[in-house]
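First up is the structure itself, then whatever we jot down about it.
Whatever order the structure lists ligands and atoms in, that order sets their numbers, starting from 1. Bear in mind the structure is a predicted one, so any value in this text is a computation, not a measurement.
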Amino acid sequence: MQIGPHLLPNRLFVAPMAGVTDRPFRQLCRRMGAGYAVSEMVTSRKDLWSSLKTSRRANHDGEAGPIAVQIAGTDAAMMAEATQYNIDRGAQIIDINMGCPAKKVCNKWAGSALMQDEPLALQIIEAVVEAAAPHGVPVTLKMRTGWCETEKNALRLALAAQGAGVAMVTVHGRTREQGYKGSAEYATIAAVKAALQIPVVANGDIDSPQKAQQVLAETGADAVMIGRAAQGRPWIFAEMAHFLATGETLPAPTVLQARDWLIEHLHDHYSLYGELTGMRTARKHIGWAVVDLPGGEDFRQAMNRLESSAAQVQALGAWFDELAAQYERLPYLAKRQEDSTMTAHDNEEELRLQA
Ligand SMILES: Cc1cc2nc3c(=O)[nH]c(=O)nc-3n(C[C@H](O)[C@H](O)[C@H](O)COP(=O)(O)O)c2cc1C
């Protein structure tokens with residue numbers, strides 16, 4: 001699996017998720033077997049580049065390459081400038097966001113809404129490719145299957161993007177209209193894959209090693225991209241890699257191993273965000289890690305009332321130690337519910353887009 005000149009160790013990618021896939025989480029996923037990770041989207045609005053939020057998003061300290069930065073916007077010239085800006089700050093791959101059902105950027109619809117305006121979408125793609133090409137930086141595109149059920153134009157747009165010099169296309173198997181409702185469909189992704197010469201990545205509802213194998217087979221895609229299923233469960237990449245390589249299911253991590261990984265992640269998280277923001281934004285990561293485990297929901301609620309990072313680490317450690325007294329390996333209760341309040345809440349974060 002290769003993106004331009006960058007050879008990747010495998011075909012299991014972490015999906016960009018605003019408010020989730022910051023540098024510490026990307027590094028954790030990579031350690032746990034993900035072959036590639038894209039940053040959360042960075043706005044093309046210059047006036048926001050110096051904001052704390054955007055500068056945290058541009059933090060790649062110690063991150064293994066290739067450094068992939070996703071940009072979002074609605075104006076070709078601004079997107080070209082954002083390309084140059086991020087390349088100057090270390091981006092080795094630029095990903096264009098035409099996939100998220102986010103609200104407005106600069107009073108215009110961005111993300112997957114761009115799929116409704118193909119000429120503008122193509123103008124943006126061409127401008128970004130032109131800005132990246134002199135640096136030898138490949139440009140990739142993330143999109144949905146289309147605007148709505150009757151306007152599934154992923155194939156047409158993907159072909160146009162390939163013609164404009166895009167190096168890889170990722171398709172989330174839902175329309176913009178669907179948001180996160182319903183199920184991802186893979187036939188459109190298969191059609192895109194069959195028509196393109198560049199690598200195609202399948203995304204949407206891939207939440208187990210078996211599902212990863214099924215989607216790879218059904219779409220013929222070169223790679224799969226995993227978003228929500230990696231929240232609180234970054235070892236899913238190792239589980240998928242093992243299953244794809246051997247056909248066997250890897251046992252869940254031991255409780256103590258998971259405890260140590262999570263605590264390491266928390267420390268990394270606090271060091272990026274500082275005490276107050278770090279403590280607050282860590283809550284969702286802790287919640288995702290425990291919610292599918294026995295007693296996890298009660299712990300999550302109690303943990304949300306703690307007001308310092310030290311108290312969070314202490315409580316998480318103690319809770320996992322107690323769990324370890326009863327179980328050697330993580331005793332997952334059931335498959336995560338997609339419409340759980342946690343997921344709904346966290347998707348709101350994406351909808352708030354950039355600030
Ligand atoms: C909390 C959250 C934030 C997201 N942020 C982004 C983003 O910044 N850019 C993007 O292209 N997609 C974003 N997405 C969409 C995901 O990358 C992915 O396409 C989608 O979640 C479907 O994959 P999944 O079923 O594996 O989660 C986000 C999704 C979630 C749940």
Side-chain angles (χ1 to χ4, degrees), residues 12-23 25-26 29 34 36-44 53-54 56-58 68-73 82 93-103 105 110-115 121 140-145 154 168-176 178-186 188-189 201-209 211-212 214-216 219 221 223-234 236-237 240 281 284-285 287-288 335-355:
L12 302 169
F13 298 178
V14 193
M17 289 183 282
V20 182
T21 50
D22 50 19
R23 197 256 305 141
F25 189 75
R26 294 196 297 274
C29 290
Y36 180 61
V38 186
S39 73
E40 316 158 86
M41 64 189 148
V42 171
T43 178
S44 62
K53 186 163 178 176
T54 300
R56 279 197 193 113
R57 286 188 177 187
V69 174
Q70 186 185 67
I71 57 172
I93 295 173
I94 295 288
D95 186 50
I96 304 174
N97 180 343
M98 287 190 196
C100 86
K103 289 201 197 295
V105 175
S112 52
L114 282 173
M115 293 188 73
T140 60
L141 177 66
K142 180 159 178 287
M143 59 161 87
R144 290 191 168 221
T145 52
M168 180 179 84
V169 169
T170 300
V171 186
H172 174 190
R174 284 187 176 83
T175 61
R176 194 259 175 209
Q178 272 181 290
Y180 290 91
K181 296 198 186 78
S183 307
E185 57 92 1
Y186 305 111
T188 304
I189 305 178
V201 183
N203 169 240
D205 299 349
I206 301 169
D207 57 1
S208 68
K211 187 78 183 270
Q214 175 209 320
V215 173
L216 282 168
T219 59
V224 281
M225 178 179 272
I226 292 95
R228 290 163 295 173
Q231 294 171 343
R233 221 159 167 162
I236 199 163
F237 295 102
M240 286 177 172
T281 52
K284 63 183 173 236
H285 288 285
W288 287 321
K335 225 172 129 190
R336 186 172 294 181
Q337 295 300 304
E338 276 192 22
D339 60 350
S340 76
T341 48
M342 280 184 65
T343 310
H345 168 79
D346 290 306
N347 289 343
E348 284 300 307
E349 179 131 16
E350 181 196 354
L351 295 175
R352 280 197 278 117
L353 194 58
Q354 278 281 331

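For the side chain to side chain donor-acceptor pair (under 3.5 Å) with Asp205, the qualifying choice from His172, Arg174, Lys211 is Arg174, the only one to do so. Just one residue in the list Val14, Val38, Thr21, Val20 forms a side-chain contact (heavy atoms from CB on, under 4.5 Å) with Arg26, and that residue is Thr21.
Partners of Thr140 by side-chain hydrogen bond (donor to acceptor under 3.5 Å, both in side chains), not counting sequence neighbours, listed by chain and number: Asp95. The ring-ring contact (aromatic ring centres under 6.0 Å, His included) test applied to Phe13 returns Tyr36, not counting sequence neighbours.
Short contacts between ligand 1 and Arg228, defined as distances under 4.0 Å to a heavy atom of the residue, involve ligand atoms 21 (O), 24 (P), 25 (O), 26 (O), 27 (O), 31 (C). Atom numbering of ligand 1 starts at 1 in the shown order; those under 4.0 Å from a heavy atom of Tyr180 are 14 (N), 15 (C), 20 (C), 21 (O), 28 (C), 29 (C), 30 (C). Close approach of ligand 1 to Met41 (heavy-atom distance below 4.0 Å) involves ligand atoms 8 (O).
Side chain of Lys142 to main chain of Pro16: no donor-acceptor pair is present (N/O by atom type, distance under 3.5 Å, no hydrogens or angles).
Proximity of Gly204 to ligand 1 is established by a heavy-atom distance of less than 4.0 Å.
For a threshold of 3.5 Å applied to N or O pairs, the pair formed by Glu40 and ligand 1 contains no separation below that value. For ligand 1, the polar-atom distance check finds no N/O of Val20 at less than 3.5 Å from any of the ligand's N/O atoms. For the pair Gln231 and ligand 1, the shortest N or O to N or O distance does not fall below 3.5 Å.
Checking Ala18, Pro16, Ala15 against atom 14 (N) of ligand 1, the nearest heavy atom belongs to Pro16.
Under 4.0 Å from ligand 1, the heavy atoms of Asn97 that appear belong solely to its side chain. The side chain of Lys142, and not its backbone, has at least one atom closer than 4.0 Å to an atom of ligand 1 (non-hydrogen atoms only; side chain from C-beta on). Contacts between His172 and ligand 1, counted as non-hydrogen atom pairs separated by less than 4.0 Å, involve the side chain only.
Stacking of Arg144 on the aromatic ring of Tyr180 is recorded, both the 6.0 Å distance cut-off and the 45° axial limit being met.
At least one side-chain heavy atom of Arg57 sits less than 4.5 Å from a side-chain heavy atom of Met41.
The line from CD1 of Ile236 to CD of Gln231 is 11.0 Å long, rounded to the nearest 0.5 Å.
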